[in-house]
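Proteins get letters first, then strands, A, B, ... in listed order; numbering begins at 1 in each. Fair warning: this is a prediction, and the values are worked out from it, not measured in the lab.
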Amino acid sequence: VLHQVGPERHRTAGPDLWALGVLPVLAAGAAAGFLGIYWDISWHIDKGRDSFFTPPHNFIYANMSIVLAASLYGMWRDRRQTPFHLPAGGHRFQAGIVIVAVGAALVLAFAPLDELWHRLFGVDVTVWGPMHLVGILGLVLTRLGGLVCAWLDRELTADPARRRLLGDVALFFAIVLVGGSMVAVAEYEFVVPQYPMVWHPILLGALPVFTLVLVARLAPRPWAATLVTLGFTALRLALAGWLIAASHLDLAGLSRPVIPLLIPAGLAVDLLVARGARGWIAGLASGAVTLAVNGLLIDAAASATGGIHLVWTSTTLERAVVPALLLSALLGAAGAAVAGALGDRAAEGTPEGQLVSHGSPSR
Amino acid sequence: MGVRRADLRIGRLTGAAVLIAVTIIASPARAAPSPGPQPAQAAASAALARVTAQVSIQYGGPRLPATVLVRLQPPFAAGDAELLLSMFHAEGHVINRRVLEPIARGVYRIEFPFPSGGYWGYYMRFGQGQAGFVSNGIVALAPAAGTVDNFTAQFRSGLRRAPPYVQPLGYAAFAVIAALALAGVWMTLAWLRNAGLSRSAR
């Protein structure tokens, strides 16, 4: 698309979202939101939910307000006329920033709704509380939107250095997207589940698949899915450091989440996508690898040392394996479909891919 | 042509999503029955108004884990559901936390280390989300080889201040919000795809 758009490029001139400072703010907000939500869960477990304005709550509300403001600023300032800007009335908005704005609005709507819910019906001390799920959905959408923003801006420039930078920003958003989706299993990682254990392997296996298949097919760098899982692991280690520091300052309790091992799943997805596997097959394999690695290695090691880690019994795994693999396959297909919408490298080799590819020779 | 193929793909993915969602939601629900009385057990509802647990801790000796036995009263209160049991030192030195499967109806067993005596906090829960039953408190323990500590814990329902339909209603509201938000995102992505197709076709 880019070389066909070429003659029109003078009409697409203007600062991109990175130059406007929007993408850096969104990236910082995504990372801060990630730290804030785990801090909040740790606070709830060890200190309780004493008020609407606890330090972790304030941290999350403040950074999501900044993210919403940044996304609105981006919608206002980014006036380019490109194929990736949605027409709405007399204006055009970059598609990714619209997704970010929807996500941030959901998070900010969730806060008063959650408070109202607690006042009306009591405190539901679970991440899966209905209003909490609205907040998590919002967080996930802001990260997906960030990824889409970075990827579309990458497709709109021919400057190799800029493309590399924006590709890496997309990778960063993929890392926090995996981190954000894993918030759904945080209670299991803290070993304070409020729902049956069988959901843990199902969601642990499946939730990262969407992002891993998406990023492996977009391929901003070689071994993109593996890089994302490495980044996710580093982020979780940084989170552990944050929680330890907060605990020393009496701003968090002693509970820490177990860090899931996703790196083998990233490797599996990269290898399969590089061989042209369909999204659902890569997803299925990713889910299977995650279940096998975490179920066998980590749990076995924890039992041997008497530690408290993932406590999947054989019955739990037996119940979980079919739904986990089905959901993994579905999310793999969804990841591939979204990559197709963004013009993935894997689609280039097919007749349809030649039509939809937004790629350029500089990949 | 390309647009029609994209629409077909979206349709297939949506159909698969519905089928898989039904399978996923049905499988664990079937495998992990909800706690609480079965419909036929009308009298059980009244009994659930007061759920307690008899907890006994048998100490094995220095540096050996103690055996913790939890017996729910009434035994059917949790059905065959798991029990989350956390016992932690009041000053935060040790946190014993496990999800237990029943070894008999209403009976749970685990081995926990209690390296010191004094005041220990406990937290137990069974059931799903806000509809769960929770018990917490502080007990004084005196670990010595061969001795047994006993205490009774009282559970309270998370729905004691709310009608039973609140949680399903909340999830229905979330489902509507999520469906709207995801449909919006999907339409945006589909627009992007079609925009790419139409420009390429020129």
Side-chain angles (χ1 to χ4, degrees), chain A residues 1 4-5 83-84 86 95 98-99 102-103 106 117 120-122 124-126 128-131 133-134 137 141 144 148 152 191-199 202 253-255 306 308 311 313 315 319-320 322-323 326-327 329-330 333-334 337-338 340-343 352 354-358, chain B residues 2 5-6 9-10 13 16-17 20-21 23-24 27-28 31-32 65 81-82 84 86 88 92 95-99 101 113 123 125 127-130 132 134 158-162 166-167 169-174 177-178 181-182 184-185 188-193 195-197 199-202:
Chain A
V1 168
Q4 290 162 14
V5 170
F84 306 135
L86 286 162
V98 174
I99 298 173
V102 169
L106 276 180
W117 185 272
L120 288 175
F121 305 125
D124 49 343
V125 280
T126 170
W128 291 7
M131 296 306 118
L133 289 177
V134 173
L137 176 68
L141 288 183
L144 175 64
V148 173
L152 295 184
V191 199
V192 289
Q194 314 291 304
Y195 283 80
M197 282 300 291
V198 67
W199 288 105
I202 292 173
L254 290 175
S255 297
I308 298 172
V311 281
T313 62
T315 316
R319 289 169 181 168
V322 171
L326 283 173
L327 189 59
L330 177 67
V338 172
L342 297 176
E352 188 184 5
Q354 287 164 8
L355 281 177
V356 300
S357 172
H358 303 153
Chain B
R5 198 179 293 186
R9 190 176 182 187
I10 290 170
L13 197 57
I20 291 173
T23 308
I24 287 167
S27 308
E82 296 152 337
L84 169 63
S86 176
F88 47 94
I95 299 174
N96 295 312
R97 195 180 283 161
R98 285 279 182 171
V99 177
E101 291 178 351
Y123 175 89
R125 71 159 283 135
Q128 302 193 13
Q130 196 171 358
V134 174
L159 288 177
R160 64 193 182 285
R161 285 173 48 196
V166 158
Q167 192 162 251
L169 184 68
Y171 286 125
F174 164 71
I177 293 170
L182 292 177
V185 170
T188 304
L189 292 169
W191 178 88
L192 269 179
R193 184 186 180 97
L197 284 167
R199 295 196 72 82
S200 300
R202 281 184 198 170

Determine the minimum heavy-atom distance between [X] and [Y], stating which atoms define it.
| X | Y | value |
| --- | --- | --- |
| A:L137 | B:A178 | CD2-CA, 3.5 Å |
| A:W128 | B:Y171 | O-OH, 2.6 Å |
| B:Y123 | A:Q194 | OH-OE1, 4.0 Å |
| B:Q167 | A:P130 | O-CG, 4.3 Å |
| B:Q130 | A:W117 | OE1-NE1, 3.5 Å |
| A:P193 | B:V99 | CG-CG2, 3.3 Å |

**Asked** Are any of the side-chain heavy atoms of A:V148 and B:T188 separated by less than 4.5 Å?
**Response**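 No; the side chains remain at least 4.5 Å from each other.
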**Item:** Side chain to side chain, A:L106 and B:I177, heavy atoms closer than 4.5 Å
**Value:**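 Result yes, sub-4.5 Å side-chain heavy-atom pair found.
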**Prompt:** With only heavy atoms counted, which part of B:L189 is less than 4.5 Å from chain A, the side chain, the backbone, both or neither?
**Reply:**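 For B:L189, backbone and side chain are both near chain A.
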**Prompt:** In terms of heavy-atom pairs under 4.5 Å, which option from A:T126, A:L86, A:T315 contacts chain B the most?
**Reply:**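 Among the listed options, the one with the most contacts to chain B is A:L86.
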**Largest heavy-atom contact set with chain B, pairs under 4.5 Å, which of A:L133, A:V134, A:I99, A:V192** =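 Most pairs with chain B among the choices: A:L133.
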Which bit of [X] comes within less than 4.5 Å of chain B, counting heavy atoms only: side chain, backbone, both or neither?
| X | answer |
| --- | --- |
| A:L141 | side chain |
| A:L144 | side chain |
| A:V98 | neither |

